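Ligands are counted one by one from 1 in listed order, and the atoms in each one are counted from 1 as well. Because the structure is a prediction, the values reported are computed rather than measured.
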Amino acid sequence: MVMQMTMRLVRLWLWCAVVVVAVLCLGGCKEDGSAQAGDGALVMATDAAFFPYEYVEDGEVVGLDVDMAREMGRRMGVAVRVENMEFDSVIAAVQAGKVDFAASGITVSADREKQVNFTRPYAVAQQVVLVSVGSALQRPQDLQGVRVGVQSGTTGDLYVKEHFGEPERYSNGPMAVAALKAGKVDAVVLDDLPAKEHAARNPGLQVLAEPLTREAYAVAVGKDKPELLARMNEALAAMEQDGTLARLAADYAQRELPQEGQGMWGAFYHNFVKDGRWRYLADGLVVTVEISAAAALIGIVLGALIGVVRSTAEQTGRLRCLDFFCRLYLTVVRGTPVVVQLLIIYFVIFGSVEVSKVLVAIVAFGLNSAAYVAEIVRSGIMAVDRGQMEAGRSLGLGYGYTMRAVVMPQAFKNVLPALGNEFIVLLKETSICGYIALQDLTKGGNIILSQTYDAFLPLMAVALIYLLMVVGLSALLRKLERRLKKNER
Ligand code: ARG
């Protein structure tokens with residue numbers, strides 16, 4: 001009997017696994033997002049909030065790095081497709097083979113050279129200090145002991161940490177600058193050209209004359225792609241010789257980001273209407289809903305299974321072996337942050353497999369949510385009076401059938417509020433998708449922020465949309481609860 005039940009459950013799990021893998025393969029075939037796209041194009045990673053090297057204009061990633069990479073590709077006879085992600089992930093993406101190369105104003109450093117290969121340098125840069133006009137901070141050494149903002153994972157981050165102590169880390173430069181404007185930090189350390197642009201746009205900010213470092217930018221290529229590196233070097237050398245690189249630099253030196261609108265309506269227009277920026281929020285919303293809904297589905301199915309196994313083991317002493325694995329699963333999943341799980345699934349488990357990022361997120365959040373749902377379901381089952389099971393059994397119903405037809409419906413009703421809570425958490429938790437370069441709602445807001453250099457409106461809009469979704473979800477759950485209660489009578 002126990003044996004049979006165990007076999008049946010194992011079979012069910014295996015089927016679930018087969019379905020998940022099949023879906024993954026199907027999804028993986030069409031979605032882009034990994035190195036050497038099906039069309040033979042090279043995939044380039046960048047963090048497009050770094051004027052003039054990479055930034056977004058009319059919904060497209062453009063800039064010096066992009067033009068340079070495209071020209072390099074043209075000379076090599078391949079197209080280049082750009083993937084926009086957090087700077088934190090750019091080098092990891094190259095190393096994991098998620099992209100073919102990265103051009104993102106990346107400074108050549110000994111540490112990075114251990115992880116990736118660099119081409120010959122194509123530009124020089126400096127880390128500089130951005131402060132408010134009239135600030136007491138006038139020389140680099142004044143940064144000792146004050147709050148310094150940086151973009152996480154950059155050479156500015158490393159320099160400040162080494163010389164002045166832990167910096168305040170932001171996910172991109174414009175956010176660090178927004179913090180400076182809001183008085184959250186006293187200075188920002190970043191690369192010279194983006195710094196100049198920030199100072200030009202904000203009359204209240206200035207760049208200190210004395211730079212902190214001198215650096216060189218190069219393109220990062222995977223260690224396992226020496227031929228690509230050689231071909232890129234050849235193209236770069238030719239572009240330097242015939243003046244293409246100098247021409248590109250001169251061309252971008254004259255450009256500037258459009259100034260922001262004045263007044264309330266001007267700011268609204270600038271943040272949401274201009275260049276169709278509202279689309280970042282709309283598209284992001286679709287991704288957020290897609291991921292949350294699918295993950296909730298996985299969570300509830302897998303979670304219910306685990307919950308049943310756990311409570312069966314607890315109440316009857318059977319399924320000990322399965323129960324052990326379920327507990328192990330809960331320990332691991334609940335014991336580690338979901339961001340870390342997401343990154344592990346993306347970079348390690350699916351490291352070299354071409355798979356859709358939306359799917360990666362669905363799997364990560366689904367597996368994570370299942371652990372919490374499992375405990376909710378278990379508590380629901382345990383709360384159902386034991387007499388219910390006994391009554392069912394004494395009527396001659398099997399254990400599985402009584403569980404499904406008698407215990408589970410009651411348990412479900414009891415745990416509905418807790419489940420609702422879990423889905424609300426899940427919905428908001430997906431806001432970390434930006435870590436794997438997914439453009440969800442939160443990332444959509446961040447992209448607007450990094451284009452308009454305004455923190456207030458984009459963040460408010462994002463918050464409002466989440467709030468509305470949660471309010472809607474809560475109303476739906478309340479309705480369901482009421483309906484279930486009515487059936488009771
Ligand atoms: N040059 C600095 C570094 O390599 C900062 C680069 C930041 N690039 C970017 N696209 N946000 O660490």
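- Against a heavy-atom cut-off of under 4.0 Å, Ile106 is close to the following atoms of ligand 1: 4 (O).
- Contact annotation for Asp191 and ligand 1: only side-chain heavy atoms (C-beta onward) come within less than 4.0 Å of the ligand.
- For Tyr329, there are no ring-ring contact (aromatic ring centres under 6.0 Å, His included) partners at least two apart in sequence or on another chain.
- A ring-ring contact (aromatic ring centres under 6.0 Å, His included) check over residues 164-209, counting only residues at least two apart or in different chains, returns the pairs His198-Tyr453.
- Shown here is Glu234, whose CD atom has no more than 12 heavy atoms of other residues, nucleotides or ligands within 6.0 Å.
- Atom 6 (C) of ligand 1 has as its closest protein heavy atom Gly105 O, 3.2 Å.
- Remark: minimum distance from atom 7 (C) of ligand 1 to any protein heavy atom is reached at Phe50 CE1, 3.5 Å.
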| Between Arg112 and Thr155, does a side chain to side chain contact (heavy atoms under 4.5 Å, CB included) hold up when you go through it step by step? | CA-CA 10 Å; Arg112 289 173 179 170; Thr155 41; 4.0 Å; yes
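- Proximity to Gln151 (heavy-atom distance under 4.0 Å) selects the following atoms of ligand 1: 7 (C), 11 (N).
- Heavy-atom contacts of Thr155 reach the following atoms of ligand 1: 1 (N), 2 (C), 3 (C), 12 (O) (cutoff under 4.0 Å).
- Residue contacts with ligand 1 include Tyr217, since one or more of its heavy atoms lies under 4.0 Å from the ligand.
- Side-chain contact check for Glu215 and Gln126: no donor-acceptor pair (N or O, by modelled atom type) lies under 3.5 Å.
- Salt-bridge annotation for Arg75 and Asp242: present, with a side-chain N of the basic residue lying under 4.0 Å from a carboxylate O of the acidic one.
- Looking at Arg112 next to ligand 1, an N or O pair under 3.5 Å apart turns up.
- Below 3.5 Å of separation, one finds no N or O of Thr46 facing any N or O of ligand 1.
- Close approach to Glu54 involves these atoms of ligand 1, each under 4.0 Å from a residue heavy atom: 10 (N).
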